[in-house]
Protein chains: 2
Amino acid sequence: MASLGELERAVMDLLWAGHEAATANTLRDLLAQSTEATGGAAGHEGKELAVTTVLTVLSRLEKKGLVERERGTRPHRYQAVSSREDHTAELMHEVLGSAPDREAVLARFIGSVTESEAETLRKLLGHI
Amino acid sequence: MASLGELERAVMDLLWAGHEAATANTLRDLLAQSTEATGGAAGHEGKELAVTTVLTVLSRLEKKGLVERERGTRPHRYQAVSSREDHTAELMHEVLGSAPDREAVLARFIGSVTESEAETLRKLLGHI
DNA sequence: AGTCAAGTTCTACGGAACGTAGAAAAGTTG
DNA sequence: CAACTTTTCTACGTTCCGTAGAACTTGACT
């Protein structure tokens, strides 16, 4: 139950954008951001979505454990449970986890990483 | 279009099992293996699937680019396009690739790897 | 050559996930 | 209370996947 649809991902992107800032977004915030011409690398933007559409998606994301909703405040506030980086790293572990030969997979994985990333990894591994 | 269903994965497991041996399997081979009491860690085994079911799955896997089929020989022969390890590593790259901050993801990823795997990684990174 | 059995293709149905959203209920504000 | 906003409920269409029957193709055997 890890994969996201296109719209779900778009919404997560919005939430992730404000994750550091501990900015819990209201629905209105999200709609505003999504309509905003952000310079537009996004891809899903451009359409005017119905309010309920976004709410439905938020509910589904909540059920999946990716979004937390503050039900206390009146316009509810939504936020990503974990940062995009944490979530992605977790996903990578999920993918890796299902393999019988983890080390062989890692070997191939490392084989196609950029040099700068390899450097980062060396540094990180040193500290363990 | 990367995710597999339960049966699709089971079939891939069979194909991957013989990938090294360059053994291109016929449908019959696969059915035999799937029914075989392999010691049974599998999970999907036990049911008697219709022949056409497996064929359908093979076709879908072919469309997804995971399986190659030799149409020349009469009982067609099926084989995984890449090894399980390669495929998994590729998946990991796909997951990682979608992140804006790859290095941050890697940092978190490394943070939760077993010590023996960390050791493996150090070795691999040294050789680059 | 004619029949039989195995292999393959086509078509299809039911269930789940997802995009999408209307109708209605609940709550807020003036 | 009336008007507006937010949330909940329900639902429909599409695509993916498990599952498989019907029918066509082809090699084998008599």
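In terms of the salt bridge (Lys or Arg N to Asp or Glu O under 4.0 Å) criterion, A/Arg9 has no residue partners (sequence neighbours excluded). Applying the side-chain contact (heavy atoms from CB on, under 4.5 Å) criterion to B/Arg60, with sequence neighbours excluded, gives B/Glu8, B/Thr56. Looking at residues two or more places apart in sequence or on another chain, you find no salt bridge (Lys or Arg N to Asp or Glu O under 4.0 Å) involving B/Glu103. Partners of A/Asp86 under the salt bridge (Lys or Arg N to Asp or Glu O under 4.0 Å) rule, at least two apart in sequence or in another chain, are B/Arg108.
Nearest to the side chain of B/Glu6, among D/dG18, C/dT9, C/dA21, sits D/dG18. Side chain of B/Ala50, nearest nucleotide from C/dT8, D/dA20, C/dA21: D/dA20. In the set D/dG18, D/dT8, D/dA20, the nucleotide with an atom closest to the side chain of A/Arg69 is D/dT8.
In this structure, B/Asp29 atom CG and C/dG7 atom P are separated by 10 Å, rounded to whole Å. Note: CD (B/Glu62) to P (C/dT9) measures 8 Å, nearest angstrom. The distance from atom CG of A/Leu27 to atom C1' of C/dA21 is 14 Å, rounded to the nearest whole Å. Between the CZ atom of B/Arg60 and the C1' atom of D/dC17 there is a distance of 5 Å, rounded to whole Å. Summarising the geometry, the separation between CG on B/Leu7 and C1' on D/dC16 is reported as 13 Å, rounded to the nearest angstrom. Atom-to-atom, CG of B/Leu58 to C1' of D/dA20 comes out at 15 Å; the value is rounded to the nearest Å. The interatomic distance linking A/Met12 (CE) with C/dG19 (P) rounds to 13 Å, in whole Å. Counting to the nearest Å, the C1' atom of D/dA20 and the CD atom of B/Glu48 are 14 Å from each other.
The shortest distance between the side-chain N/O atoms of B/Arg28 and the OP1/OP2 oxygens of C/dA5 is not below 4.0 Å.
A/Leu4 and A/Leu49 fall within a single hydrophobic cluster, where Ile, Leu, Val, Met, Phe, Trp and Tyr side chains are chained together by heavy-atom contacts under 4.5 Å. B/Met92 and A/Leu125 end up in the same hydrophobic cluster when Ile, Leu, Val, Met, Phe, Trp and Tyr side chains are linked at under 4.5 Å.
One cannot find a donor-acceptor pair under 3.5 Å joining the base of C/dA23 and the side-chain atoms of A/Thr52.
Residue contacts shown for A/Thr56 include a base, since a base heavy atom lies under 4.0 Å away. Among the heavy atoms of the strands, none lies under 4.0 Å from B/Ser59. Using a 4.0 Å heavy-atom distance criterion, B/Arg71 is classed as a sugar-phosphate-only contact. Residue contacts shown for A/Lys64 are limited to sugar-phosphate atoms, with no base heavy atom under 4.0 Å away.
Side-chain contact annotation: A/His76 with A/Thr26, donor-acceptor N/O pair under 3.5 Å absent.
Using a cut-off of 4.0 Å between Lys/Arg side-chain N and Asp/Glu carboxylate O, A/Glu117 and A/Arg122 are scored as not salt-bridged. Using a 4.0 Å cut-off between charged side-chain N and carboxylate O, B/Asp101 and A/Arg84 make no salt bridge.
Of the residues in residues 72-82 of chain B, those placing a heavy atom less than 4.0 Å from an atom of DNA chain C are B/Arg74, B/Pro75, B/His76, B/Tyr78, in numerical order.
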Please list, for nucleotides 13-15 of chain D, all pairs of protein and nucleotide N/O atoms separated by less than 3.5 Å.
none

Practice prompt. Walk me through it: do A/Leu31 and A/Val51 pass the test side chain to side chain contact (heavy atoms under 4.5 Å, CB included)?
Written response: CA-CA 8 Å; A/Leu31 287 171; A/Val51 186; 4.1 Å; yes
